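Note sheet for the following structure.
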Amino acid sequence: GQSLEQPSEVTAVEGAIVQINCTYQTSGFYGLSWYQQHDGGAPTFLSYNGLDGLEETGRFSSFLSRSDSYGYLLLQELQMKDSASYFCAVRDNGAGNMLTFGGGTRLMVKP
Amino acid sequence: GAGVSQSPSNKVTEKGKDVELRCDPISGHTALYWYRQSLGQGLEFLIYFQGNSAPDKSGLPSDRFSAERTGGSVSTLTIQRTQQEDSAVYLCASSKLAGGLNEQYFGPGTRLTVT
């Protein structure tokens, strides 16, 4: 079956760096995405990796290794507003664009 | 411009009743998705519409669930004979491009509570 594994919770302090890992086991693979969701809010897109390597967008970076079925989201210079849930998601169907989501990692940033 | 909108924002219904949830995607987005999110969980795919193609219904959990998309825009998710396990937040998303990056824009969701 399809599964994406990520840690359920991570705690870090302001200004620190945190890495959220995601391993996936899916029938197909057409890219790994990351979404952020604040409590009570809608998920918002953060990044996408279609090929191996690192993608950088400001304080956030995302990495993919397709041979290891593994990716991570790296958040630098953490701010209190980064406290949220972070979801990895795989597009696993070449004919459709729906995403299979991981269970989410709740990040708590402390002062 | 306007984002994805959903209505109602909250819905409380009695077990056995039917409910309709509405989604207005971003104008010009050809792809529309419905997901379900239980408390503290990830998102579960339900159904996907792309342009005028037949929808992908592979995620619908039972035949009590159905959805339609009229005129390639507004979509309605219908749940018949609701059960308590249907309680969740129902999220709609839309995207502009098929394939590739496929950044999905989510609406605020409808919180459904079945009593």
Side-chain angles (χ1 to χ4, degrees), chain A residues 1-9 20 22-51 55 57 60 62 64 84-108, chain B residues 2-7 9-10 23-26 29-51 53-60 67 69 75 88-111:
Chain A
Q2 321 279 61
S3 72
L4 285 83
E5 299 294 329
Q6 48 182 132
S8 57
E9 273 191 19
I20 300 174
C22 173
T23 57
Y24 58 87
Q25 196 168 15
T26 56
S27 56
F29 182 82
Y30 297 87
L32 178 71
S33 298
W34 289 90
Y35 284 77
Q36 178 192 59
Q37 185 180 34
H38 286 96
D39 284 348
T44 56
F45 173 82
L46 287 178
S47 70
Y48 169 80
N49 294 75
L51 300 174
E55 295 285 338
T57 309
F60 295 179
S62 59
L64 173 65
S85 292
Y86 293 84
F87 295 89
C88 58
V90 165
R91 179 180 165 230
D92 53 25
N93 184 331
N97 295 283
M98 66 289 274
L99 297 173
T100 298
F101 282 81
T105 298
R106 188 172 184 86
L107 171 65
M108 288 182 285
Chain B
V4 177
S5 61
Q6 293 186 243
S7 61
S9 55
N10 279 283
C23 172
D24 275 280
I26 293 172
H29 281 193
T30 59
L32 186 148
Y33 318 77
W34 283 98
Y35 294 89
R36 176 168 74 172
Q37 186 175 31
S38 299
L39 188 63
Q41 303 296 312
L43 283 72
E44 174 191 3
F45 164 73
L46 297 177
I47 188 168
Y48 159 62
F49 297 88
Q50 172 59 49
S53 303
D56 183 324
K57 305 178 183 180
S58 59
L60 294 178
R69 188 179 185 192
S75 176
V89 176
Y90 289 80
L91 291 158
C92 174
S94 68
S95 66
K96 189 189 310 187
L97 299 172
L101 171 56
N102 185 32
E103 177 178 348
Q104 296 187 14
Y105 295 80
F106 283 82
T110 294
R111 181 176 298 278

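Below, chain A is the first sequence line, B the second, and so on; all start at residue 1. This is a predicted model, so every value here is computed, not measured.
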Side chain, backbone, both or neither: which part of A:L99 has a non-hydrogen atom closer than 4.5 Å to chain B? both
Contact origin within A:Q37 toward chain B - heavy atom pairs under 4.5 Å: side chain
Going through the distances and angles, do B:W34 and A:M98 end up as a side chain to side chain contact (heavy atoms under 4.5 Å, CB included)? CA-CA 9 Å; B:W34 283 98; A:M98 66 289 274; over 6 Å; no
Of all heavy-atom pairs between A:A42 and B:G107, which one has the smallest distance, and what is that distance?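 Closest heavy-atom pair between A:A42 and B:G107: CB-O, 3.1 Å.
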From OH (A:Y48) to CD (B:Q104), nearest 0.5 Å: 11.5 Å
Where on B:L91 is there a heavy atom nearer than 4.5 Å to chain A: the side chain, the backbone, both, or neither? side chain
Contact part of B:Q37 toward chain A, heavy-atom cut-off under 4.5 Å: side chain, backbone, both or neither? side chain
How about B:Y35 and A:F101: are their ring centroids closer than 6.0 Å?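 Between A:F101 and B:Y35, which both carry aromatic rings, the centre distance is below 6.0 Å.
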Between A:S85, A:G50, A:P43, the one whose heavy-atom pairs under 4.5 Å with chain B are most numerous: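 Top count of heavy-atom pairs under 4.5 Å with chain B: A:P43.
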Stepwise ring pair (Phe, Tyr, Trp, His ring centres under 6.0 Å) check, A:F45 with B:F106: CA-CA 9 Å; A:F45 173 82; B:F106 283 82; over 10 Å; no
For A:Y86, ring pair (Phe, Tyr, Trp, His ring centres under 6.0 Å) partners two or more places apart: none
